[in-house]
Amino acid sequence: KSYSKDFNLPATKRNNRIFNNMFDVTRADDGVIFNPYVKTACLLKQDGFIVFDGYLRLIDVKDKDGEISYNVNLYSEVTALADVLKDRTFSQLDFTELEHEYNKTNIKRSWNDVGTSIAYLNPNTSGFRDTYTTLRYPFVDWNHQFYPDSTTGTLGFPVLHSLETAFRPFIQLKYLIQKIFAATDFNYTSGFFDSAEFKKLYMDFNWGGGIPQTGSATYNFGDPYNNATGTYQPFIFFNDDFPTDAGFDSTTYEFTAPHDNTTYTVAIVFYIANLNNNASTTFRWIHKDSAGATIDLDTIYPLLGGAGPIILTWSDNFTFTLNQGDTLEFLWKSTVGNAQQYASSTNVTDHIMVSVGFTLATNNFMLQQLRGELNQWDFLKGIMTMFNLVSMKDDNNPNNILIEPYNDVFLTNPDTKELDWTDKVDVSEMSLSPLTELNKNTIFQFVEDEDDYTFMQYKKSTSGHLYGSKKLDASTSGTTSGLPTTLEGTKEIVAEPFAATVSKQLMSQYTNFVIPSIYAMTDDGVAEGFDNLPRILYNVGIKTLAQGLTYNIPPQNGLTSEDQPNFLQFSHLSEIQAAATDKDFVFESVQLFPGTGNPPIDNLFNTYWAAYFDELYHADTRTMTLKVNLSPSDIATFKFYDKIFIRNRIFRVNKIEYKPNSLAKVEFILIP
């Protein structure tokens, strides 16, 4: 980044016009008033050369003994982008163009690179949505709540409780970056972001542990009687533990949908004591909109009595989809009015089970459930940390930012020039020193997601090692060749806000069913979903299960069940079974789970960080600070990826402190 120190502009007649007399507390808004909160473009020129191209920030106005000045500084486009995005979250991005019906048809279509794609419900208004690649549904172990099918023999093929058990949306990183930049005054150019490899990286848009939720009400023997009358009355639920998202009111005994497309799946078992000969009991559901108008009077369910007192049993399953504010109410009545609700014995329990989820469609609201809280600048900064990306201004377009990996900018850049500054340096005052601020240990890691059960189990079994992390120890590296080191301290380079994701077999008997594992475990040993930190994973592709294995997709959202042998595989690895020649999108895989393969060499550290640290920690690397006679032309044409030739040695510039008409203070790094 580039920025200037604070400096004062005198309150000349011209400057007062520019700043609209900011020092005058009585000034009034004349329509062209200078606004210190608006980004102000600025050029700094010397001798006709543009020394700095960026933005001006007014810090304060000073009045010293009647001499007024404007205290300002200048900052670059990259700094400006960070300022713009630092208060923005993903909730301010509009994903309406990604809305589609959430069902097994669209889930399977999301696996394709050719052929039929997701049937989106809205037009591609941004121009960024790709037919196939923008949104995917990989198989992920989100809550570990599948069960083996007992009818398929000893193998026990897995059965999903719902689509949400395994399939929740992931959105392509490049699409997200395009959406972020489109809402600013900036553009970007990046061969890295445009690469085929980067386009296969996705971030999860899990909606968290709270959706869908399941709750129930039970009716135990001895509860107060709930008598039916001759007219429809609410069926009274006792001992309810419905989730908050069910919107259940224990006074009115009705459900109110908290959001659009809230799906209620209800399973009921009732035991009714009919104490009158031939009396009959009738049940029904009523669905009303937020204004109270009846939308649907569901089928009436009569339950005929018999001679003498008799216990009547009734059970059924229902699915309702409500919009925000809609209500759902369960009513009953008796032709005689003497039916009473209670369990037929102490060993039998009536119950109503209600599962609540946003399962009709993947819409803007659903995508913003958990990820809406994510800060946009944190997202970009985390990606830049993962891949050691460097941002630079574009000389041909002041609002365009160039973003590429460090190696491509400083090590293999064809635009790098070698500039001879031998005759420009002042050797009368020279400071040469090793890089004394280096740390003995540098740890590259992701944020630790402490609710991630599999991640924490890995940490416990490896004496505290964080999955996907890399520890660089200068005392055992080439820096000191194993000799005692003078370096001290530890520095952490964290790809915040992202967490690492363990890839492993769904169960050990499913040999090639390797998937991301992202679920929590309660103290009672119950697996469940949770509000996980964002994850970045690579699209490995469609895989077919071995040994004739299939998994069962249940009936949901109007479509039937099916046994499916294929799934879309995501991982931090570019291939399962991984080999040393594959790619790994964590800093380092020290040890992988069985069935996953061998740790690749091409990980984030080796590919994007190792060359930088090899130079930084090399025994011949030193910093040198010199006074240099730099002209405005030198400053205007200089690039930080240029190499500087001084007295037969090659240097890289780390910092320039430039003041017009005086010697610049330059910090060089001697390249080994």
With under 30° as parallel and over 60° as perpendicular, where do the rings of Tyr175 and Phe128 fit, or are they tilted in between? perpendicular

How are the rings of Phe283 and Phe330 set relative to one another: parallel (under 30°), tilted (30 to 60°) or perpendicular (over 60°)? parallel

For Thr544 and Asn566: C-alpha separation, side-chain torsions, deciding distance, then whether side-chain hydrogen bond (donor to acceptor under 3.5 Å, both in side chains) applies. CA-CA 4 Å; Thr544 300; Asn566 300 319; 2.6 Å; yes

Can you tell me which residue among Thr133, Thr134, Leu537, Leu176 is in a side-chain contact (heavy atoms from CB on, under 4.5 Å) with Tyr202? Thr133

Applying side chain to side chain contact (heavy atoms under 4.5 Å, CB included), name anything that partners Pro497, two or more places apart in sequence or on another chain. Leu374, Asp378, Pro534

Where does the angle between the aromatic ring planes of His144 and Phe146 fall among parallel (under 30°), tilted (30 to 60°) and perpendicular (over 60°)? perpendicular

Could you check whether Asp449 pairs with Arg535 (Lys NZ or Arg NE/NH1/NH2 to Asp/Glu carboxylate O, under 4.0 Å)? yes

Any sub-3.5 Å donor-acceptor pair from Asn206's side-chain atoms to Asp531's backbone N or O? no

Can you say whether the rings of His100 and Tyr120 are parallel (under 30°), tilted (30 to 60°) or perpendicular (over 60°)? perpendicular

Side chain to side chain contact (heavy atoms under 4.5 Å, CB included) partners of Gln145, counting only residues at least two apart: Asn143, His161, Glu528

Residues in side-chain hydrogen bond (donor to acceptor under 3.5 Å, both in side chains) with Ser574, at least two apart? none

Parallel, tilted or perpendicular: which fits the ring planes of Phe379 and Phe498, with parallel below 30° and perpendicular above 60°? perpendicular

Taking atom NZ of Lys583 and atom CG of Asn603, what is their separation to the nearest 0.5 Å? 11.0 Å

For Ser589, all residues meeting side-chain hydrogen bond (donor to acceptor under 3.5 Å, both in side chains), sequence neighbours excluded: Asp584

Side chains of Phe157 and Asp563: does their closest heavy-atom pair fall under 4.5 Å? no

What residues form a salt bridge (charged side-chain N to carboxylate O under 4.0 Å, His left out) with Lys504, not counting sequence neighbours? none

Would you check if Phe95 and Glu97 make a side-chain contact, meaning some heavy-atom pair closer than 4.5 Å? no

Roughly how far, to the nearest 0.5 Å, is CG of Asn122 from OG1 of Thr96? 6.5 Å

For Trp142 and Ile518, indicate whether the former's side chain and the latter's backbone hold a donor-acceptor pair under 3.5 Å. no

If the threshold is 4.0 Å, N to carboxylate O, is there a salt bridge linking Lys200 and Asp113? no

Do the ring centers of Phe446 and Phe587 come within less than 6.0 Å of each other? yes

Test item: Gln376 side-chain N/O and Thr89 main-chain N/O as donor-acceptor pair under 3.5 Å: yes

Flag, side chain of Arg371 to backbone of Asp204, donor-acceptor distance under 3.5 Å: yes

Under the side-chain hydrogen bond (donor to acceptor under 3.5 Å, both in side chains) rule, collect the residues that match up with Thr252, sequence neighbours excluded. none

List for me each residue that meets salt bridge (charged side-chain N to carboxylate O under 4.0 Å, His left out) alongside Glu562, sequence neighbours excluded, and say none if there are none. Lys104, Lys108

Checking the side chain of Gln577 only, and the main-chain atoms of Gly597 only, is there a donor and an acceptor separated by less than 3.5 Å? yes

Enclosure of Ile295 CD1 (heavy-atom neighbours >12, cutoff 6.0 Å): yes

Please answer whether the main-chain N or O of Gly115 pairs with a side-chain N or O of Asn112 as donor and acceptor at a distance below 3.5 Å. no

Test your reading of the model: is there a side-chain donor-acceptor pair from Gln505 to the backbone of Val514, 3.5 Å cut-off? no

When you compare the side chain of Glu329 with that of Phe255, does any pair of heavy atoms fall below 4.5 Å? no

Residues forming a side chain to side chain contact (heavy atoms under 4.5 Å, CB included) with Ser469, sequence neighbours excluded: Gln445, His465, Leu466

How about Thr256 and Asp249: do any of their side-chain heavy atoms sit closer than 4.5 Å? no

Can you find a pair of side-chain heavy atoms, one from Leu328 and one from Leu322, that are under 4.5 Å apart? yes

Among residues at least two apart in sequence or on other chains, which ones pass side chain to side chain contact (heavy atoms under 4.5 Å, CB included) with Glu575? Val540, Lys543, Asp582

Any salt bridge linking Asp94 with Lys179? Criterion: basic side-chain nitrogen under 4.0 Å from a carboxylate oxygen. no

Aromatic plane relationship, Trp332 with Phe235 - under 30° parallel, 30 to 60° tilted, over 60° perpendicular: perpendicular

For Tyr551 and Phe139, take the angle between the two ring planes, folded into 0 to 90°, and tell me which bin it lands in: parallel under 30, tilted 30 to 60, perpendicular over 60. perpendicular

Parallel, tilted or perpendicular: which fits the ring planes of Phe387 and Phe198, with parallel below 30° and perpendicular above 60°? perpendicular

Qualifying residues under side-chain hydrogen bond (donor to acceptor under 3.5 Å, both in side chains), relative to Thr251, sequence neighbours excluded: none

Where does the angle between the aromatic ring planes of Tyr458 and Tyr467 fall among parallel (under 30°), tilted (30 to 60°) and perpendicular (over 60°)? perpendicular

Yes or no on salt bridge (charged side-chain N to carboxylate O under 4.0 Å, His left out) for Glu448 and Lys459, after CA distance, side-chain angles and deciding distance? CA-CA 10 Å; Glu448 186 173 352; Lys459 178 182 177 181; 2.6 Å; yes

The salt bridge (charged side-chain N to carboxylate O under 4.0 Å, His left out) partners of Asp194 (sequence neighbours excluded) come to Lys174

For Asp289, salt bridge (charged side-chain N to carboxylate O under 4.0 Å, His left out) partners two or more places apart: none

Just do the side-chain hydrogen bond (donor to acceptor under 3.5 Å, both in side chains) check on Ser290 and Gln324 with the steps written out, would you? CA-CA 7 Å; Ser290 57; Gln324 185 174 9; over 6 Å; no

Parallel, tilted or perpendicular: which fits the ring planes of Phe170 and Phe570, with parallel below 30° and perpendicular above 60°? perpendicular

More than 12 foreign heavy atoms under 6.0 Å from CD of Gln564: is that the case here? yes

